Amino acid sequence: MKKELPKAYEPQKYEDKIYKTWEESGFFNPDNLDVDDQAESYTIVLPPPNVTGTLHMGHAAMLAVEDILIRYNRMQGKRALWVPGTDHAAIATQTKVEKIIKEEGETRHTLGRDKFLKRVRAFAQESHDTIVNQVKKMGSSCDWSREAYTLDETRHQAVNSVFKLMYDDGLIYRGKRIVNWCPRCHSTLADDEVEYREEDAKLYWIKYGPFVLATARPETKLGDTAVAVHPKDKRYKDMVGKEYDIPGVLGEFRVKVVADRAVDMEFGSGAIKVTPAHSFVDNEIAERNGVGMRQIIDEDGKMMENCGKYQGMTTTEARKEIVKDMKKMGLIDHIEDDYKHNIAVCYRCDTPIEPLPSLQWFIDVNKPLRGRKQKTENRKQKIDWEGKSIKDVCLEVIKEGKIKIVPKRFEKSYFHWMENLRDWCISRQIWYGHQVPVWYRAGNREQGTGNNRDKEIYVGVEPPEDKTNFVFLHGFYRTREVKDPLNWLNQKLARKDNFWEILPKSEKPKLKEQMNYVIENAKINEDTIIVTHSLGGILAMKMIEEHDLKIKKLVLLSSPIIPKTKSKELIGYNKGNQIDFEKIKKNVKEIVVFQPYEDHVLPLEENEKLAKFLDAKLIKVEDSASHFNEDENQEILEELKNNIWTQDEDTLDTWFSSGMWTFSTLASSPDQIKIEDGKLVIDSEDFKNFHPTQVLETGYDILFFWVARMIIMTTYATGDIPFEDVYLHGLVLDNKGKKMSKSKGNVIDPLTMCEKYGTDATRLSLVIGSTPGHDLRLNEEKIAGYRNFANKLWNIFRYAIKNYELKIKNEKIDINKLSLVDAWIIKRIDDAINEVSNSLDNYKFSQAGEWLREFTWNELADWYLEAIKFKKSQETEKVLNYVLINLLKLWHPFIPFVTEVLWNNINSEKQLIISEWPKVEKSAEDKKQIIEQSNSFNLIKDIITNIRNARVVNKVEPGKKVKALVIAGKKKELIEPQADIIKGLRTGIEELEVVKSGTKPDKAIFISVGEIEIYLIGAVDEEKEKKRLKDLIERLRQLIKMTESKLSDKNFVERAPEPIVEKERGRLKEFKEEVKSLEKQLKSF
RNA sequence: GGGCGCAUAGCUCAGUUGGCUAGAGCGCUUCGUUUACACCGAAGAUGUCCGGGGUUCGAGUCCCUGUGCGCCCACCA
């Protein structure tokens, strides 16, 4: 009893089950593949989706293409590895969470760093889980055992290591430079994170000393330090080099006139004011001409204290006021109202960017490297860095073809981008991300004092060793209105191992008891800093005195003087407990006293005295309503921080970490990433086996953001390329060519489509009809179309399984026993094998898919399966097996689910996912024979098609059976055996006579195929047939005319290649013969 | 301002180094329940390959130029 498949393919029933069996088989992991030791590896890293939400069609397209490549190469016996992962997408993720908490009335600052980051992590985790499920739903065969995250421990190790190496190589530096500053995000932005928006503005023509010049931002006048003109501008020739006092709203200021080519003589009056602190162009002009800068706008986008009465205003407010004041002073010449210009905005929050000088970390892209140590073993493309900069190397790897970009035209924009690259600002003032691996602390005491001390800097993979520990001692009297500064400091310092906070045991403890408690519990040594509040100070000093403790530092927050006693005694506690100040001074290296308020029950002079006695630094903090408000605590915090290593609070640009994605993902734990002898070592089998990767497949929109950054980071860190090829897919747009977006309501959701039409159909719709670098317009009908196709494939197998014995193994086919149609279909599937392999090797996915569709539907289903219903050969079953097995294999990379389900129906041994990719293995002789027979079947096909056509044109009723006479000449032997097929395939012929030669019947429908003449008897409609013949003749005559004129052209005959001319001659002959027989036939009416 | 891409059937798009009587899918028209499939089958219609020059025996394909659309980069002080 043969099994029977359901009538229609229902993807929902199978997909999840199939994916599970794949996962359980372990074959997504190349280590489990049954390949020989010599097998090549084939690696793709998944461009990690941002953990900001869900997948869209662009992701789906990406996954489809990458899965095709991976499955194809896996079937070819390679160690195929597809590494999945997600990206923390620093700014994007943080912004998203900020929006969420905004609805709860919170900001990241009200929550605080720790709580906020907790929220971000929770959000990222949830987002991650959704994304992973979606990736799986798409059928992606990634190795989940190697999943990575750009912010996990291993990647963190890579980030810190590379940062350190680059710092040591002098490629990373910290500098105060003009940056793109977003006042809302409170962070820098990379150049390409800035977008431009056209806005209506005003152009102010202002009187500027001897000049009149045009500006859109009169408020920046407060920061002007120069006026620039073009060197060739005759108008201002004599003024260049001179200095002028310019009247302004805050009085006169002096500017120098400089000549610079960056000035456009055509714009305005040809003279421009130069504000070096708040404009990139101005900054460059200033630098070239040795002019200083004056910053007037702060990080909140507000005017700074050097702006007089405008201080604290936003730039917009200040502009209004300043213009008003300038008008009063007669400094405005005139104002143009209809001025349009582009303003720079933040790509995340659309807030206008304020360029301003800021202390940031940069990667120098122009610095030539010398004597750089590099790992040389295991490298495929050895890159020689000697004397080259990042820019040089990144241009070189593309120019020399070490990395190929598909399509090639993107190389041009890559070059342009790379050539014009400025130093890359890598620090961000956001919280979610890799913190800059740099630590600071105050230098030696001798080098300076207070906050002005020189900072020591430490750059490293791990935090620097820091023996310092803190012991916090509370005052005994803590009232409700007194805030708890120690607890606050504790939290802010956030140090794990070497931190102690000693709390009073009870409200009224005995001093001895307290001291014993502290000595027992706190580890006090020479590196200890004791911080006390109020009466805790007595405790501390008494302890130091009695136990002869030697410590690093004692910090007294507010003097431990008992207010109630108002004693003249300097320090008194429980009467008679005087403190030996000399001993304290001897045992404590540094003592600091904070006096937090002036107007308090505690007299200020007592603190001063105390400080004096202790030879301590006294720091006064401003008067305040309560004890130690947060601002004052900041000052104390700084003082404490100066003693220990504290990490740079900035985080790194997310692309800094994702730039390492190809190699950082090939380590499985932090200890596999090391710096040895000034080189980065990735000590993992995976790195040896799978790097560089073969192809990086991603959207062209992140060529610069990501692909270029990967080339920068990888060539530097490994001395090798990250990937051999870059395949750039287009964007997925809606039906009208618009970007899909929720607000437009034109989103086609991949998961919904998978549910509705099946994942296979969704994948095909994204692959077929799509070419690299070109956007793809998608509509639901297209997906439905491929659903239909999957069903067609299903039914091909349904039919075949029902009627034939399908086995998994290719059985030897006896070429001599084939029918014509057998040979024909073998030829076609062999062509498909070659064509699909070739297309896939060259990233022509669409072409491969179209070929297969054409073969499956229009050749296999429409012809072969129909033909063998009427005529089987001894070999038909074997041939069908051969065709179907290979067909499933060829289709599998594209539509993995339905093919695997069908495969399981005819085979239980081995999964399709690891079956061997088909190859055509036939002798030249066999091939020749097959081609011959296949050509013969093409003739039969022609005959059938022509008969069908003639019937329809003659309006022969479909059901009407006719007789046919075939005058076949030499082809009689060929055609006669095919009579069953000709009759069977919807030609409506019930009787077919084939003769070598004979008299043609009158009044029949005439069909000429080459030298073969076919007459359909008993159905002719004279008028229609005459018209059909005439039309045919007319068309042929035109062709003859064209061909003749071609052939009579001497130039053509002489210059065109021989085979082309020969072909034309052959065609002409055929046309003429056909016309002749058609005319003969026409005359018979 | 600099660069790139696109313009081919009603729609979405293929068209490799020039050899083309210019193709596919969808849609459309006519017909068809032949037991794999109506998510099907048969047949059919539809094109100044954006305009204008040029190179060539030959141009949808190469060059120049114009028009329209889209994108990227730079940025207007």
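Keep in mind it's a predicted model, so treat the numbers as computed, not measured. Letters go in sequence order (proteins before strands), and every chain restarts at 1. When reading the values below, keep in mind they use all heavy atoms of this one structure, side chains included, and skip hydrogens, waters and symmetry mates.
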*Please tell me which of A:Val953 and A:Lys869 maps to the more 5' nucleotide of RNA chain B, matching each residue to the nucleotide holding its nearest heavy atom.*
A:Lys869
*asked:* I want to confirm an ordering. Mapping A:Ala214 and A:Gly769 to their closest nucleotides on RNA chain B, which one lands closer to the 5' end?
replied: A:Gly769
OP1, OP2 of [N] versus side-chain N and O of [X]: anything below 4.0 Å?
{"X": "A:Asn949", "N": "B:rG44", "value": "yes"}
{"X": "A:Lys1063", "N": "B:rC20", "value": "yes"}
{"X": "A:Lys412", "N": "B:rC4", "value": "yes"}
{"X": "A:Thr771", "N": "B:rA14", "value": "yes"}
{"X": "A:Arg787", "N": "B:rC39", "value": "no"}

_Listed nucleotide nearest any side-chain atom of A:Lys7, set B:rG19, B:rG44, B:rA38_ = B:rA38
*Identify which nucleotide among B:rU16, B:rA36, B:rG5 has an atom closest to any side-chain atom of A:Ile796, counting heavy atoms from C-beta outward.*
B:rA36
Which pairs, protein N/O on one side and nucleotides 72-76 of chain B N/O on the other, fall under 3.5 Å?
from	atom 1	to	atom 2	distance (Å)
B:rC75	N3	A:Asn342	ND2	3.3
B:rC76	O2'	A:Tyr339	OH	3.1
B:rC76	N4	A:Asn342	ND2	2.9

_Cation-aromatic face contact A:Lys273/A:Phe211, 6.0 Å, 45 degrees_ = no
_Here's one to test your reading of the geometry: is the NZ or CZ of A:Arg709 within 45 degrees of the ring axis of A:Trp424 and under 6.0 Å from its centre?_
yes
Rounded distance (Å) that lies between atom [atom2] of [N] and atom [atom1] of [X]:
{"X": "A:Trp794", "N": "B:rA38", "atom1": "CH2", "atom2": "C1'", "result": "19 Å"}
{"X": "A:Leu733", "N": "B:rG70", "atom1": "CG", "atom2": "P", "result": "13 Å"}
{"X": "A:His774", "N": "B:rG5", "atom1": "NE2", "atom2": "C1'", "result": "6 Å"}
{"X": "A:Leu985", "N": "B:rA43", "atom1": "CG", "atom2": "P", "result": "11 Å"}
{"X": "A:Phe797", "N": "B:rC37", "atom1": "CZ", "atom2": "C1'", "result": "14 Å"}
{"X": "A:Asn791", "N": "B:rC39", "atom1": "CG", "atom2": "C1'", "result": "5 Å"}
{"X": "A:Ile944", "N": "B:rA43", "atom1": "CD1", "atom2": "P", "result": "10 Å"}
{"X": "A:Arg777", "N": "B:rG5", "atom1": "CZ", "atom2": "P", "result": "18 Å"}

Heavy atoms only, 4.0 Å cut-off, all strands: where does [X] land among base, sugar-phosphate and nothing?
{"X": "A:Asp282", "answer": "nothing"}
{"X": "A:Arg948", "answer": "sugar-phosphate"}
{"X": "A:Ala228", "answer": "nothing"}
{"X": "A:Asp264", "answer": "base"}
{"X": "A:Glu866", "answer": "base"}
{"X": "A:Pro1057", "answer": "base"}

Roughly how far apart are [X] [atom1] and [Y] [atom2], rounded to 0.5 Å?
{"X": "A:Thr1043", "Y": "A:Arg1065", "atom1": "OG1", "atom2": "CZ", "value": "12.5 Å"}
{"X": "A:Thr759", "Y": "A:Phe897", "atom1": "OG1", "atom2": "CZ", "value": "5.0 Å"}
{"X": "A:Lys782", "Y": "A:Arg787", "atom1": "NZ", "atom2": "CZ", "value": "15.5 Å"}
{"X": "A:Lys756", "Y": "A:Ile783", "atom1": "NZ", "atom2": "CD1", "value": "9.0 Å"}
{"X": "A:Ile981", "Y": "A:Ile943", "atom1": "CD1", "atom2": "CD1", "value": "11.5 Å"}

*Any idea how A:Phe704 and A:Trp417 line up, ring-wise: parallel (<30°), tilted (30 to 60°), or perpendicular (>60°)?*
parallel
*Report the relative orientation of the aromatic rings in A:Tyr14 and A:Tyr9; use parallel for angles under 30°, tilted for 30 to 60°, perpendicular for over 60°.*
parallel
On a whole-Å scale, what distance lies between the [atom1] atoms belonging to [N] and [M]?
{"N": "B:rU46", "M": "B:rC40", "atom1": "C1'", "value": "25 Å"}
{"N": "B:rG44", "M": "B:rU48", "atom1": "C1'", "value": "24 Å"}
{"N": "B:rG18", "M": "B:rU55", "atom1": "C1'", "value": "11 Å"}
{"N": "B:rU8", "M": "B:rG51", "atom1": "P", "value": "10 Å"}
{"N": "B:rC49", "M": "B:rU35", "atom1": "C1'", "value": "46 Å"}
{"N": "B:rC28", "M": "B:rC71", "atom1": "P", "value": "32 Å"}
{"N": "B:rA45", "M": "B:rG10", "atom1": "P", "value": "15 Å"}
{"N": "B:rA22", "M": "B:rA59", "atom1": "P", "value": "14 Å"}

*Does any N or O in the side chain of A:His278 come within less than 3.5 Å of the main-chain N or O of A:Pro355, such that one atom is a donor and the other an acceptor?*
yes
Name all residues meeting the side chain to side chain contact (heavy atoms under 4.5 Å, CB included) criterion together with [X]; count only those two or more places apart in sequence or in a different chain, and write none if there are none.
{"X": "A:Lys955", "result": "A:Lys1024"}
{"X": "A:Glu1073", "result": "A:Lys1069"}
{"X": "A:Glu10", "result": "A:Gln12, A:Lys13"}

Name the pairs: protein N/O against N/O of nucleotides 21-32 of chain B, kept only if under 3.5 Å.
from	atom 1	to	atom 2	distance (Å)
B:rU21	O2	A:Arg1035	NH2	3.1

*Please state whether the base of B:rC4 and the side chain of A:Arg409 form at least one donor-acceptor pair under 3.5 Å?*
no
_Defining pairs by Watson-Crick or G-U wobble geometry with both distances under 3.5 Å, how would you list the stems of RNA chain B with at least three pairs each?_
B:1-7 with B:67-73, B:10-13 with B:23-26, B:28-32 with B:40-44, B:50-54 with B:62-66
*Candidate pair A:Asp775 and A:Tyr700, rule side-chain hydrogen bond (donor to acceptor under 3.5 Å, both in side chains), full reasoning*: CA-CA 10 Å; A:Asp775 297 346; A:Tyr700 66 78; 2.8 Å; yes
